[in-house]
Amino acid sequence: MKAVLFDLDGILTDTADYHYQAWKKLGAELGIELDEAFNEQLKGISRTESLALILAKGGLEAQFTVAEKEALATKKNEVYKKMIEQMSAKDILPGIKTLLYELKEKGVLLGLASASQNGPVILEKLGLEELFDTIVDPAKLSAGKPHPEIFETGAEQLNVSVQECIGIEDAAAGVQSINSAGMAAIAVGDETTLGAAAKVVASTNELTVDLLTAVWAE
Ligand code: B16
Ligand code: MG
């Protein structure tokens, strides 16, 4: 195991809930009600694709021009950015900091494979930016999760093969992306939605170097 590629929202920190609250607010303004089950589909996919799914849910996809959709996505992002303003190291999910430091100590490379364009800002707020050897820029990808490109690019940027990497995700689209890239996937969350991963754990606390090494060696 030479490198670990981390998803951000839902793995390093719980921004997944902020995304949900911000989309819920926009949905309410448009008369579209979102629930947690629907929100599972939004995890790991881009802002534009999330908006498309929400508008489709309300049967409103044909009601807006491209420019109007962009404005709606920006509106959601402004709400989201307000929500993340106060974030700090206290918002790192349990067990993550220890895991990152232990991996670093062992010389394992760390990469961020997040669909979020806010990723670098959040890493900085969490005080984790210096631990990461690379960040994939989601704006430069031709296809987002579940396509493998984001994880393949992470491996390329770190100069390692996909077989030498582990990918960690909390979203079904992300697990599919890792699997399609040919990496071993570890998922955090519910076995029923994330069962395609090589290993599913209930909490980030269970992510240890030993667990990662065991999954990689399988
Ligand atoms: P932004 P991840 C993803 O991040 C989120 O899971 C997803 O809900 C969000 O829409 C996407 O980032 C884009 O985020 O609007 O900040 O660019 O889980 O891949 O780290
Ligand atoms: Mg995520």
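In listed order, ligands and their atoms are each counted from 1.
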>> Under 6.0 Å from the ring centre and within 45 degrees of the ring axis: does the NZ or CZ of Lys76 meet both conditions for the six-membered ring of Tyr80?
In response: yes

Salt bridge between [X] and [Y], side-chain N to carboxylate O under 4.0 Å?
X	Y	value
Lys145	Glu169	yes
Asp35	Lys24	no
Lys69	Glu61	no

Between [X] and [Y], is there a donor-acceptor pair closer than 3.5 Å when you use the side chain of the first and the backbone of the second?
X	Y	answer
Asp133	Leu110	yes
Glu206	Ser203	yes
Thr204	Gly95	no
Gln157	Ile135	yes

Of the side chain and backbone of [X], name the one, both, or neither that has a heavy atom under 4.0 Å from an atom of ligand 1.
X	answer
His19	side chain
Ile45	backbone
Leu42	backbone

> Considering only heavy atoms from C-beta outward, does the side chain of Leu158 approach that of Leu5 to under 4.5 Å?
Replying inline: yes

>> Do Leu26 and Val79 make a side-chain contact, defined as non-hydrogen atoms from C-beta onward lying under 4.5 Å apart?
In response: no

> About how many Å separate NZ of Lys57 and CG of Leu55, when rounded to the nearest 0.5 Å?
Replying inline: 12.0 Å

> How about the Mg ion (ligand 2), which protein N, O or S atoms come within less than 2.8 Å?
Replying inline: Asp7 OD2, Asp9 O, Asp170 OD1

> When only distance counts, is Asn118 in polar contact with ligand 1, meaning an N/O pair under 3.5 Å?
Replying inline: yes

>> Counting only nitrogen or oxygen atoms and a 3.5 angstrom limit, does Ala115 reach ligand 1?
In response: yes

> Counting only heavy atoms not in Lys125, do more than 12 fall under 6.0 Å of its NZ?
Replying inline: yes

Those atoms of ligand 1 less than 4.0 Å from some heavy atom in [X]:
X	value
Gln117	1 (P), 16 (O), 17 (O)
Ser114	2 (P), 4 (O), 19 (O), 20 (O)
Asp7	2 (P), 18 (O), 19 (O), 20 (O)
Ser50	10 (O)
Leu8	20 (O)

> Nearest protein heavy atom to atom 3 (C) of ligand 1, by residue and atom, and its distance?
Replying inline: Asp9 OD2, 3.3 Å

>> Checking a contact table here: which protein heavy atom is nearest atom 15 (O) of ligand 1, and how many Å away?
In response: Arg47 NE, 2.7 Å

> Any chain of hydrophobic side-chain contacts (each under 4.5 Å) joining Met1 to Ile168?
Replying inline: yes

> Of the choices Ala139, Ser116, Pro138, Gly144, which has the non-hydrogen atom that lies closest to atom 16 (O) of ligand 1?
Replying inline: Ser116

> Does ligand 1 have any atom that is closer than 4.0 Å to a heavy atom of Gly44?
Replying inline: yes

> So is Lys145 close enough to ligand 1, meaning a heavy atom under 4.0 angstrom away?
Replying inline: yes

